[in-house]
Amino acid sequence: GKHLFNLKFAAKELNRNSKRCDKEEKAEKAKIKKAIQKGNMEVARIHAENAIRQKNQAINFLRMSARVDAVAARVQTAVTMGKVTKSMAGVVKSMDATLKSMNLEKISALMDKFEHQFETLDVQTQQMEDTMSNTTTLTTPQNQVDMLLQEMADEAGLDLNMELPQGQTGSVGTSVASAEQDELSQRLARLRDQV
């Protein structure tokens, strides 16, 4: 019972971390605007990189929260059906420290172990269709950074006097990308409401 509670608690914590990253992202965006207003592009770029990293982290935490939730449901099923094997009990014992660490890579590895247990048990509940994608890497794609800088400048009603590489000046690309972002944000918002 305690372990099941810990899994559910971890899912909530991950969700909370996701919201914290959202807040950080907004704070960084505000700093981007200030820096652009002062014409300080170096500082603006640093805040843009931070904002994008926070955004990706928020998505990662949210995904992992959903994954831990799914595992918790399956553990519950196994418990109810009296199918908790010795090896699963072992995984459960080792998990508490990992969950407390809030380290996505460690938690991901732990969920892999659980999911492997379920496979051998053949508990027929749906597999999480979307395991952690490789967005845990902390590199921030420069084009995302440039787009965010441009977006913040637009919102602040300012001209970015950056030399954008040729072919990037068209606003078509950015509007498509932001439409995709919006769709993702809405999907995530819906996910959040369900959690």
- Message: Looking at Arg67 and Asp112, is any side-chain nitrogen of the basic one under 4.0 Å from a carboxylate oxygen of the acidic one?
- Response: yes
- Lys/Arg N to Asp/Glu carboxylate O, Asp146 vs Arg45, below 4.0 Å: yes
- Task: Indicate whether any N or O donor in one side chain lies under 3.5 Å from an N or O acceptor in the other, for Asn56 and Arg53.
- Result: no
- So how far is it from Thr98 OG1 to Asn103 CG, rounded to the nearest 0.5 Å? 8.5 Å
- Item | Any residue meeting side-chain hydrogen bond (donor to acceptor under 3.5 Å, both in side chains) with Ser18, in chain and number order, not counting sequence neighbours | Arg192
- Item | side-chain hydrogen bond (donor to acceptor under 3.5 Å, both in side chains) partners of Gln37, counting only residues at least two apart | none
- Task: Tell me, please, which residues at least two apart from Lys23 pass side-chain contact (heavy atoms from CB on, under 4.5 Å).
- Result: none
- What's the shortest heavy-atom distance between Ile32 and Ala44, and which atoms? CG1-O, 4.0 Å
- Residues which pass side-chain contact (heavy atoms from CB on, under 4.5 Å) with Asp154, listed by chain and number, not counting sequence neighbours: Gln150
- Check whether any side-chain heavy atom of Met64 lies under 4.5 Å from a side-chain heavy atom of Phe61, and answer yes or no. no
- Listed by chain and number, what are the salt bridge (Lys or Arg N to Asp or Glu O under 4.0 Å) partners of Lys33, not counting sequence neighbours? Glu155
- Under a 4.5 Å cut-off applied to non-hydrogen side-chain atoms, are Met152 and Met147 in contact? no
- Message: Please enumerate all residues that pass side-chain contact (heavy atoms from CB on, under 4.5 Å) together with Lys113, with sequence neighbours excluded.
- Response: Val91
- The side-chain contact (heavy atoms from CB on, under 4.5 Å) partners of Gln54 (sequence neighbours excluded) come to Cys21, Glu24, Glu25
- Message: Tell me every residue that passes salt bridge (Lys or Arg N to Asp or Glu O under 4.0 Å) with Arg16, counting only those two or more places apart in sequence or in another chain.
- Response: Glu13
- Message: To the closest 0.5 Å, what do you measure between CG (Leu104) and CG (Leu14)?
- Response: 6.5 Å
